[in-house]
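Worksheet: the structure to be examined is printed underneath.
Position 1 is the first residue of the sequence; numbering continues from there.
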Amino acid sequence: MWTPKKGEDHARARAPRGMVVSVLLYCTGEMSHFSKFMEDKPFPLQLVEWILRGVARVILANNPVSGALVLGALVMASPWQALLGTVGLLASTLTAIIIGQDSAEIAGGLHGFNGMLVALLMGVFSSAGDWYWWLLIPACLGGATCTFLFSGLGPLLDRWDLPVAVFPFNMVIVLFLSCTGVDHPYFPHYPATPPGAPEGLNHTQLHVPQLLQGVVLGVGQIYACGALWPSVLILGGVLIFSPLMCVHALLGSGVGTLVGLSMAVRHGALYSGLLGFNGALGCMAVGGLFFTFNWKTHLFAIASAFLSAYTDIALSNLLGTVGLPACSLGATLIATLMLLLTAQHLSAYRIPIGRVGSPEHNLHKHSQWEEGAKDDSTDV
């Protein structure tokens with residue numbers, strides 16, 4: 001008599017667990033089913049989804065839940081920075097809608113993330129302090145400019161099947177900081193400090209716990225966020241989109257930290273994660289996103305992280321002499337060069353830009369393509 005009742009209790013206990021697992025699986029990857037669900041919804045609701053996907057695109061993800069987590073992390077770290085980033089993203093996205101850009105690209109957040117990064121960096125470097133409302137004007141204009149640059153670079157880079165990535169962001173923020181200057185009456189900013197700048201004699205001892213914390217902060221610094229727990233939340237956003245990308249983000253940030261140690265950079269740059277975010281971006285881009293994941297491309301991703309970090313230090317030291325930051329130019333250049341490689345053992349795993357999805361999705365599709373090719377070769 002007790003056996004059926006016990007079985008019913010076990011079934012009831014398993015039901016919530018199964019529901020939680022189903023919800024988690026629903027929120028992973030690109031959530032293309034959610035995009036289809038939103039197709040017939042009112043424009044304001046669709047715009048919210050596009051904005052959240054644009055937020056997540058900064059970490060190479062295409063997932064509205066990841067975007068919501070990241071936006072929550074930015075609010076936790078600095079509400080003013082979160083507001084600036086949202087304004088820049090909104091200006092960039094609305095500009096794309098007005099000038100009639102591809103609707104699929106807009107819905108995927110591709111016309112928003114550059115504008116968000118520009119606005120975030122304007123806030124980070126501004127010496128006018130938080131809640132300086134005049135800064136919203138260049139944030140809007142910078143976001144709109146990113147859309148025009150993205151639209152212009154797109155057809156050019158499509159010839160080589162290359163992504164526009166964050167080239168617009170790097171161009172606009174460097175131009176803005178160069179035009180305004182440190183002593184600008186309306187938009188003053190702090191000068192960027194080269195990572196190779198010498199420190200005092202009291203800063204020669206390395207603090208290992210802060211160094212390990214800097215690896216996590218390297219992921220948060222992709223959004224110019226230097227707080228620990230918001231950086232952990234951002235890392236959780238990467239994890240929801242793709243566990244493989246989450247591993248590569250931490251691995252790339254760790255590689256960037258090792259590169260900083262080998263170049264004897266300022267300890268402050270190591271502890272704050274500023275030496276890790278380019279390595280994280282370079283490692284994520286190659287480790288499963290633009291190349292199918294396997295042991296060869298995994299090693300290739302580690303090499304990309306090393307090269308991205310070294311390039312970032314070189315460019316930061318160069319541009320830092322005139323008070324300008326290198327931003328994510330190092331990772332962008334190295335990832336682009338990696339995609340241009342035509343070696344046979346690497347090009348076989350190269351994923352066309354139009355088919356790029358989450359690393360797990362790419363891995364699954366690649367196995368289907370291989371099976372289809374085998375079937376075609378055996379047909380008589």
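Two residues are said to be in side-chain contact when any heavy atoms from C-beta on lie closer than 4.5 Å; W295 and F300 fail this criterion. The side-chain heavy atoms of F241 and T28, taken from C-beta on, include no pair separated by under 4.5 Å. The side-chain heavy atoms of S242 and P359, taken from C-beta on, include a pair separated by under 4.5 Å. Between S272 and Q221, the closest side-chain pair of non-hydrogen atoms falls below 4.5 Å. By the 4.5 Å heavy-atom criterion applied to side chains, W50 and F43 are counted as neighbours. Within the 4.5 Å cutoff, no side-chain heavy atoms of L363 are placed close to those of E360. Contact annotation: the side chain of I353 approaches that of F290 to within less than 4.5 Å [non-hydrogen atoms, C-beta and beyond]. Looking only at side-chain heavy atoms (C-beta outward), L90 and L47 come within less than 4.5 Å of each other.
Linking Ile, Leu, Val, Met, Phe, Trp and Tyr whenever their side-chain heavy atoms come within less than 4.5 Å puts L339 and L341 in one cluster. No chain of hydrophobic side-chain contacts below 4.5 Å, direct or via other Ile, Leu, Val, Met, Phe, Trp or Tyr residues, connects I222 to V247. Hydrophobic cluster membership is shared by L149 and V174, with clusters built from Ile, Leu, Val, Met, Phe, Trp and Tyr side chains linked at under 4.5 angstrom. Hydrophobic cluster membership is shared by V87 and W133, with clusters built from Ile, Leu, Val, Met, Phe, Trp and Tyr side chains linked at under 4.5 angstrom. No single ILVMFWY cluster, assembled from side-chain heavy atoms under 4.5 Å apart, contains both V65 and V75.
The minimum heavy-atom distance between N114 and A165, with the atom names listed, is ND2-O, 3.1 Å. Closest of all the heavy-atom pairs between T93 and G112 is OG1-CA, 3.7 Å. Minimum interatomic distance between G108 and N62 (heavy atoms only, all atoms of both residues): O-OD1, 3.6 Å. When all heavy atoms are compared, the tightest approach of L177 to P325 is CD1-CD, 3.5 Å. Nearest heavy-atom pair, G357 versus N362, reported as atom, atom and distance to 0.1 Å: N-OD1, 2.9 Å. When all heavy atoms of L84 and G123 are compared, the closest pair comes out as CD1-CA, 3.5 Å.
No donor-acceptor pair under 3.5 Å is formed between the side chain of Y310 and the backbone N or O of G256. Put simply, the side chain of S253 never gets that close to the backbone of A249: no donor and acceptor are under 3.5 Å apart. Looking at S78, its side chain does come within 3.5 Å of a backbone N or O of Q81 through a donor-acceptor pair. The backbone N or O of H111 lies less than 3.5 Å from a partner atom in the side chain of S92, making a donor-acceptor pair. At distances below 3.5 Å, at least one donor-acceptor pair connects side-chain atoms of N278 with backbone N or O atoms of C327. The main-chain N or O of G237 is found under 3.5 Å from a side-chain atom of S66 such that the two form a donor-acceptor pair.
Open room surrounds CG on D183; 12 or fewer heavy atoms of other groups in view lie less than 6.0 Å from it.
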Go through the steps for Y132 and F187 under the test side chain to side chain contact (heavy atoms under 4.5 Å, CB included), then give the verdict.
CA-CA 9 Å; Y132 181 65; F187 306 113; 4.2 Å; yes
Go through N294 and H298 one step at a time and tell me if the side chain to side chain contact (heavy atoms under 4.5 Å, CB included) criterion holds.
CA-CA 6 Å; N294 54 56; H298 179 63; over 6 Å; no
With side chain to side chain contact (heavy atoms under 4.5 Å, CB included) as the criterion, how do M284 and L289 come out once you've worked through the C-alpha distance, each side chain's angles and the decisive distance to 0.1 Å?
CA-CA 7 Å; M284 285 192 295; L289 189 68; over 6 Å; no
Working note: L117 + I173, criterion side chain to side chain contact (heavy atoms under 4.5 Å, CB included); need CA distance, chi angles, decisive distance, verdict.
CA-CA 9 Å; L117 283 172; I173 192 62; over 6 Å; no
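The CG atom of L74 lies 5.5 Å from the CD1 atom of I234; values are rounded to the nearest 0.5 Å. The CG atom of D312 sits 12.5 Å away from the CG atom of L307 when rounded to the nearest 0.5 Å. Put simply, OH on Y349 and OG1 on T297 are 8.0 Å apart, with the number rounded to the nearest 0.5 Å. Atoms OG1 and CG, on T257 and L274 in that order, are 10.5 Å from each other to the nearest 0.5 Å. Taking CG of L71 as the reference point, atom CG of L89 lies at 9.0 Å (rounded to 0.5 Å). Here NE2 of H33 is found 13.0 Å from CE of M38. Values are rounded to the nearest 0.5 Å.
By the 30° and 60° cut-offs, the orientation of the rings of Y271 relative to H267 is tilted. In this pair, W131 and W80 present their aromatic rings tilted. The plane angle is within the 30 to 60° band.
Under a cutoff of 6.0 Å and an axis angle of 45°, K41 and F37 form a cation-pi pair.
A donor-acceptor pair shorter than 3.5 Å cannot be found between the side chains of Y190 and S126. In this model, a donor atom of one side chain and an acceptor atom of the other lie less than 3.5 Å apart for Q101 and S151. Counting only N and O atoms by type, the side chains of R53 and S35 include a donor and acceptor under 3.5 Å apart. Side-chain polar atoms of E30 and H361 form no donor-acceptor pair below 3.5 angstrom.
For H189 and F176, the ring centers are positioned 6.0 Å apart or more.
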